[in-house]
J.: 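Here's a structure for you.
Below, read A as the first sequence line, B as the second, and so on, with proteins coming before strands; counting in each chain starts at 1.
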Amino acid sequence: MDQRYHPKEIEEKWQNFWESQKLFKVTEDRNRKKYYLLEMFPYPSGKIHMGHVRNYSIGDVVARYKKMRGFNVLHPMGWDAFGMPAENAAIEHGVHPAKWTYENIANMKAQLKRMGFSYDWDREFATCDVSYYKWEQLFFLRMYEKGLAYKKRSFVNWCEICKTVLANEQVMSDGTCWRGHADDPGVTQKEFDQWFFKITDYAEELLEWCDKLPGWPERVLTMQRNWIGKSVGAEIHFPLENSEEVIKVFTTRQDTVFGATFMSLAPEHPLALSLSKGTSQEEAVRSFVEKMRRQDWRKRTAETTEKEGVFTGAYCLNPMTKARMPIFVANFVLMEYGTGAVMAVPTHDQRDFEFAKRYGLPLIVVVQPGDGKLSAETMTEAYEGEGVLVNSGQFNGMHSAQAREAIAEYLEKKGLGGKRVSYRLRDWGISRQRYWGAPIPIIYCDRCGTVPVPEKDLPVVLPANVEVTGMGESPLAKLKEFVETRCPKCGGPGRRETDTMDTFVESSWYFDRFACPDYDEGPLDKKRVDYWMPVDQYIGGIEHAILHLLYSRFFTRVLKEMGWVSVDEPFTNLLTQGMVCKEVYECPRDGYLFPEEVEGQGEGFRCRKCGGQISVGRLEKMSKSKKNVVDPEYLIEKYGADTARMFCLFASPPEKDLDWSDQGVEGSFRFLNRVWRLFSEQHGRLKDVKAVPFGTALEGDQKLLRQKTHKTIKKVTEDIERFHFNTAISAIMELVNEIYLSPVKDQADELSKRVMREAIETVALLLSPFVPHFAEELWEALGEKRSIIQREWPDYDREAVLEEEVLIVIQVNGKLRDRITIPASFGENEVKAWALKSERIRKLTEGKEIKRVILVPKKLVNIVC
RNA sequence: GCCGAAGUGGCGGAAUUGGUAGACGCGCUAGAUUCAGGGUCUAGUGGGAAAUUGCUCCCGUAGGGGUUCAAAUCCCCUCUUCGGCACCA
């Protein structure tokens, strides 16, 4: 063993060893308990970042620990390889997306290997592999058959300069395109034919199962429940005047229906134009609808935007009061929610109130709050609370809640509507007018319409010979040999769908595919998938709390119905790790600065470019644009992968944000060096020594050291189980500190050496999930032949951790007054007697009546007087 | 506005069930390592008062109130920060 710790050499050595021995390769072993540990796979951007290092270090601790505990651990890694950055690289540098992607993968894979993660690399795949996405096309076809994939015209974000659809995330908060054009006119809404997945069919189920995921963080479940947004209410039919037709509305406040004095339609509502047709309002409505359509969506839907609208010229009737209600088109009504039409009750809805005031529409109070009397003439805002119904016919006197039930029942009975549930969740639009994605397997034929590609013709391979410019339509649409095809039904000329699928589709089932990545008779080998699924522990960033995690839950349900998988939920336990943050320096003139561009210290930071004063950097998530990233490559180079892993795990608990600290990294490195020195001093004399066996009777320092050793095993085991890696590491540090101070370290007798051997061996074993290369090297230095990962996790000796003496805290009236050390075997009365005998306590209680003595076994005595 | 999470030394954080607040690390201080620097080892380190030395006391977990023998932990109110949703009918 070298005198000094050289991380680079040993890390390379053990990485090669693990790889050559295939130590992390797993197969289905029905005699062993499986454990599926998964971290969210990365997008191959080219380099790993600290977020990856943290995420995968956390996962690796659990994977290695579970393996040592005897589980058959599946710990795979792959690549979320379709997506826009590849196309941007093509636009900017003229590299083909495929080339760019696969080169990045090779680079990042090498980096991950240098981190020493315990992946079964034989299961690796990239989602842009035809052998992967062809099965996704099969899923699409099966979903199409069941009506779960459908095409619909809808409004989407449109950038006039790029001539392409943008995802919501690609629209900046000021309503412009993310590419940042000069004179950007702003993103508008454009009607488009788009493919959708019918996730709304599963809204209720997805919501219900939120209560059956005890292994998920509550805040993620809350966000999902929020996103699904269930509302219980009623549908009410408002007959149109002089017509058989009705306008259907959804409301959660059917108790206020007697107060509905007008009707509001979304500008996109089909009745908006048709009702006004031929009336004097036709032109006004048309121009209003046009204006709304052109308007920036964000601005239109902001709460602060003033309510405005236009009369359609038509009326409907309140089904309860038969009152004549003018029908308006209003900017604040959303076509996507409910029915796209809202019954307006200005007295009990603030939006309707504002609208009514602006256009002089009537107000009728129908709910009276408990205290004062509301009056339509004097009210200055809507009363949205509950109360007792008035002006509501046979429902007068009922309380709101009661009235909602009664009115819903009444509507049902009269065929005017009834109880309904509405969700905020919308269907998942998966069409992307992009090249670098999985083609949607559909052919359009003038004669047969929309025709799915027959399964035997799959895959629809993404053609390689395209030119990606970023302008105009999807590059696929310009590729004749791709677009032009034969109709599978009639054999006539057909055109291929040129949209590709949203990349979230790939990440919705990759975890299933990891169970059988080589299977080529179908998407999933059920036997293997059933063995491994569900994922026992999933680890990733909170930013996927809704999107990826909700889509995956939806996809799992679909795949279950199709018989591909057997589980209801894909992820039993979820850990959402915090972000990696570092301080940012921002100069008022030169923007964000790299730390090298800042001089001075403390309050006196100055910009090197302009000399301007810089406010002390606040902590923000590491990002290139904020110039506060730390490159893992640099860390590995300077300190080694083990130090990088150690720091990420020690600096804060996994679910909290991690504040970067160069000194903290130094500290972790220092600790490893300290352990190294201990081993290099001890390993020679302890090499052929066997650890003391369980149950050995010891005295004095030997006993104390052994006790600490076993207490540490217990603590570290419990801490890893509950993911408190920072405290697990601190417990190991304590053990190391104790070893340094223990006289046993320098004693030459056989028993001392055996106690020492056990202590030191334990340090290596407990460290192994955290700093695996380092631990392997220590292990080898102790003369062990097998890899440390093949050794079972240590168990603690129940007798060794037993305390013979315990420290009892003595309180008087709840205040700490004395401490005594007494034999642990003392009974309740003995402990109390000793506590009262204490000199200090006697002084304090002198002349007072002792009212009560409370005893907490092995902890404290509280004397009340 | 609604929902959720959090607030503990100079800093990151610990305290698993209400029972010694501040483990461990960083930083800082002192001593040792027969120069300095670095490294290492040892000790100290919440604030304040007291102190002819260790057997002293008070305050202290964002702030205020409460429950309890006992509160960082439970309850109520207020403040701050972060996150999600937000004209959703």
J.: Report yes if a side-chain nitrogen or oxygen of R677(A) is closer than 4.0 Å to either non-bridging phosphate oxygen (OP1 or OP2) of C41(B); otherwise report no.
T.: yes
J.: Please report the distance, rounded to the nearest Å, between CZ in F353(A) and C1' in C87(B).
T.: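 Going from F353(A) (CZ) to C87(B) (C1'), I get 16 Å.
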J.: Can you tell me, in whole Å, how much space there is between the C1' of C85(B) and that of C69(B)?
T.: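 One C1' to the other, the span is 45 Å.
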J.: Hunt down the Watson-Crick or G-U wobble partner of U29(B), both distances under 3.5 Å, from any strand shown, or write none.
T.: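 Looking at the geometry, U29(B) pairs with A43(B).
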J.: Of all the choices, U20(B), A89(B), U42(B), which nucleotide is nearest to the side chain of Q811(A) once you look at every atom?
T.: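 Output: U20(B).
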J.: Taking atom P of A86(B) as reference, at what distance in whole Å does atom CD of E336(A) sit?
T.: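 Whole-Å distance recorded here is 12 Å.
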J.: Check whether the side chains of S742(A) and D701(A) place a donor and an acceptor atom closer than 3.5 Å, and report yes or no.
T.: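 Result is no, nothing qualifies.
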J.: Quick one: label V864(A) by what it contacts on the DNA or RNA (base, sugar-phosphate, nothing), any heavy atom closer than 4.0 Å.
T.: sugar-phosphate
J.: To the side chain of L334(A), which of A89(B), G84(B), G4(B) is closest?
T.: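 Ranking A89(B), G84(B), G4(B) by closest atom to the L334(A) side chain puts A89(B) first.
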J.: Once you round it to whole Å, what is the distance between P of A89(B) and NZ of K230(A)?
T.: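 Roughly 14 Å, once rounded to whole Å.
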J.: Return the nucleotide paired to G83(B): Watson-Crick means purine N1 to pyrimidine N3 with N6-O4 or O6-N4, wobble means G-U with N1-O2 and O6-N3, both under 3.5 Å.
T.: C3(B)
J.: Which part of the nucleic acid, if any, lies within contact of K307(A), taking any heavy atom under 4.0 Å across all strands shown: a base, the sugar-phosphate backbone alone, or nothing?
T.: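 Counting heavy atoms under 4.0 Å across all strands, the contact made by K307(A) includes a base.
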J.: In whole angstroms, how far is the P atom of C24(B) from the NZ atom of K708(A)?
T.: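 It works out to 8 Å between those atoms.
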J.: Report the distance from atom CD1 of I854(A) to atom C1' of G19(B), rounded to the nearest whole Å.
T.: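 One finds 10 Å between C1' of G19(B) and CD1 of I854(A), rounded.
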J.: From the options G27(B), G19(B), G84(B), select the nucleotide whose nearest atom is closest to the side chain of R670(A).
T.: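 Closest nucleotide to the R670(A) side chain: G27(B).
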J.: Using the C1' atom as the point on both nucleotides, what is the distance between A50(B) and G54(B), in whole Å?
T.: 13 Å
J.: Counting primed atoms plus P, OP1 and OP2 as sugar-phosphate and everything else as base, spell out the protein contacts along nucleotides 12-17 of chain B at 4.0 Å heavy-atom distance: B, S or - for each nucleotide, 5' to 3'.
T.: SSSSB-
J.: Where the side chain of Q663(A) is defined as all heavy atoms beyond and including C-beta, which of C3(B), G27(B), C59(B) is the nearest nucleotide?
T.: G27(B)
J.: Using OP1 and OP2 only, check whether a side-chain N or O of R4(A) sits under 4.0 Å from G39(B).
T.: no
J.: Is a donor from one side chain sitting under 3.5 angstrom from an acceptor on the other, for N737(A) and R674(A)?
T.: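 Present: a donor and an acceptor within the cut-off.
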J.: Are R424(A) and A86(B) close enough that a side-chain N or O sits under 4.0 Å from OP1 or OP2?
T.: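 Checking R424(A) against A86(B): at least one side-chain N or O falls below 4.0 Å of OP1 or OP2.
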J.: Counting any heavy atom closer than 4.0 Å, what does V249(A) reach on the DNA or RNA strands: base, sugar-phosphate only, or nothing?
T.: nothing
J.: Please determine whether the number of non-hydrogen atoms from other residues, nucleotides or ligands lying under 6.0 Å from atom NZ of K832(A) exceeds 12.
T.: yes
J.: Round to the nearest Å and state the distance from L816(A) atom CG to G19(B) atom P.
T.: 15 Å
J.: Please report whether the ring centroid of F725(A) lies less than 6.0 Å from that of F723(A).
T.: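 Close enough - the centres of the two rings lie under 6.0 Å apart.
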J.: Less than 4.0 angstrom between a side-chain N/O of S231(A) and OP1 or OP2 of A89(B), yes or no?
T.: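 Indeed, a polar side-chain atom of S231(A) lies that close.
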J.: Taking 4.0 Å as the cut-off, does a side-chain nitrogen or oxygen of Y423(A) come that near to OP1 or OP2 on C88(B)?
T.: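 No, no such contact exists.
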J.: Would you classify E666(A) as touching base, sugar-phosphate or nothing, given that sugar-phosphate means primed atoms plus P, OP1 and OP2, and contacts are heavy atoms under 4.0 Å?
T.: nothing
J.: R420(A) near the nucleic acid: base, sugar-phosphate alone, or nothing, with a heavy-atom cut-off under 4.0 Å?
T.: nothing
J.: When rounded to the nearest Å, what value does the distance between C1' atoms of U73(B) and G84(B) take?
T.: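 Pairwise C1' distance, U73(B) against G84(B), rounds to 26 Å.
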J.: With no hydrogens and no angle check, do the side chains of T256(A) and Y383(A) hold a donor and an acceptor under 3.5 Å apart?
T.: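 T256(A) vs Y383(A): no donor-acceptor pair found between side chains.
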J.: Below 4.0 angstrom from OP1 or OP2 of U42(B), is there any side-chain N or O of R674(A)?
T.: yes
J.: If we count only N and O atoms by modelled type, under 3.5 Å, do the side chains of R54(A) and S652(A) hold a donor and an acceptor together?
T.: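 S652(A) and R54(A) do have a side-chain donor-acceptor pair below 3.5 Å.
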J.: Using the P atom as the point on both nucleotides, what is the distance between G4(B) and A70(B), in whole Å?
T.: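 Pairwise P distance, A70(B) against G4(B), rounds to 31 Å.
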J.: Kindly state whether the ring of F262(A) and the ring of F355(A) have centres lying under 6.0 angstrom apart.
T.: yes
J.: Checking base pairs now: Watson-Crick or wobble, both atom distances under 3.5 Å. What partners G54(B)?
T.: none
J.: Pairing donors with acceptors under 3.5 angstrom, does anything connect the side chains of Y585(A) and E583(A)?
T.: yes
J.: Rounding to the closest angstrom, what is the interatomic distance between C26(B) and U45(B) at atom C1'?
T.: 13 Å
J.: Between U61(B) and A21(B), how many Å separate the two C1' atoms, rounded to a whole number?
T.: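 These two C1' atoms come out 7 Å apart once rounded.
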J.: Atom NZ of K621(A) to atom P of U81(B): distance rounded to whole Å?
T.: 22 Å
J.: Which of the following nucleotides, C85(B), C24(B), C69(B), is nearest to the side chain of S730(A)?
T.: C24(B)
J.: What does G60(B) pair with, Watson-Crick or G-U, if both distances are under 3.5 Å?
T.: none
J.: Counting any heavy atom closer than 4.0 Å, what does N737(A) reach on the DNA or RNA strands: base, sugar-phosphate only, or nothing?
T.: sugar-phosphate
J.: Using Watson-Crick or G-U wobble geometry with both distances under 3.5 Å, which nucleotide pairs with A70(B)?
T.: none
J.: State the pairing partner of U34(B); accept Watson-Crick or G-U wobble contacts with both distances under 3.5 Å, and report none otherwise.
T.: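 Partner of U34(B): none found under 3.5 Å.
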J.: State which of G25(B), C87(B), C26(B) makes the closest approach to the side chain of N331(A).
T.: C87(B)
J.: Using Watson-Crick or G-U wobble geometry with both distances below 3.5 Å, tell me the partner of G18(B), or none.
T.: none
J.: Just compare G25(B), C26(B), U20(B) and give me whichever is closest to any side-chain atom of V809(A).
T.: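 Minimum distance to the V809(A) side chain belongs to U20(B).
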J.: Within the 3.5 Å criterion, strictly below it, is a donor on Q3(A) or R677(A) matched to an acceptor on the partner's side chain?
T.: no
J.: Near R424(A) CZ, under 6.0 Å, is it more than 12 heavy atoms from other residues, nucleotides or ligands?
T.: yes
J.: Is any side-chain N or O of N226(A) under 3.5 Å from a base N or O of C85(B), one able to act as donor and the other as acceptor?
T.: no
J.: Between F647(A) and W660(A), is the gap from one ring center to the other below 6.0 Å?
T.: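 Centroid distance F647(A)-W660(A): below 6.0 Å, so yes.
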J.: Measure CG/L741(A) against C1'/U42(B) and give the value in whole Å, please.
T.: 8 Å
J.: Mind checking who G9(B) pairs with, Watson-Crick or G-U wobble, both distances under 3.5 Å?
T.: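 None - no nucleotide pairs with G9(B), as no candidate has both distances under 3.5 Å.
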J.: Counting only side-chain N and O atoms of R426(A), is one of them less than 4.0 Å from OP1 or OP2 of C88(B)?
T.: no
J.: Determine the Euclidean distance between corresponding C1' atoms of U16(B) and G10(B); express it in Å to zero decimal places.
T.: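 About 29 Å, rounded to a whole number of Å.
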J.: Identify whether the glycosidic angle of G60(B) places it syn (within 90° of 0) or anti.
T.: anti
J.: Please state the P separation for the pair G46(B) and C11(B) - nearest whole angstrom.
T.: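 14 Å, rounded to whole Å.
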J.: Whether E204(A) and K230(A) form a salt bridge (side-chain N of Lys/Arg under 4.0 Å from carboxylate O of Asp/Glu) is what I want to check.
T.: yes
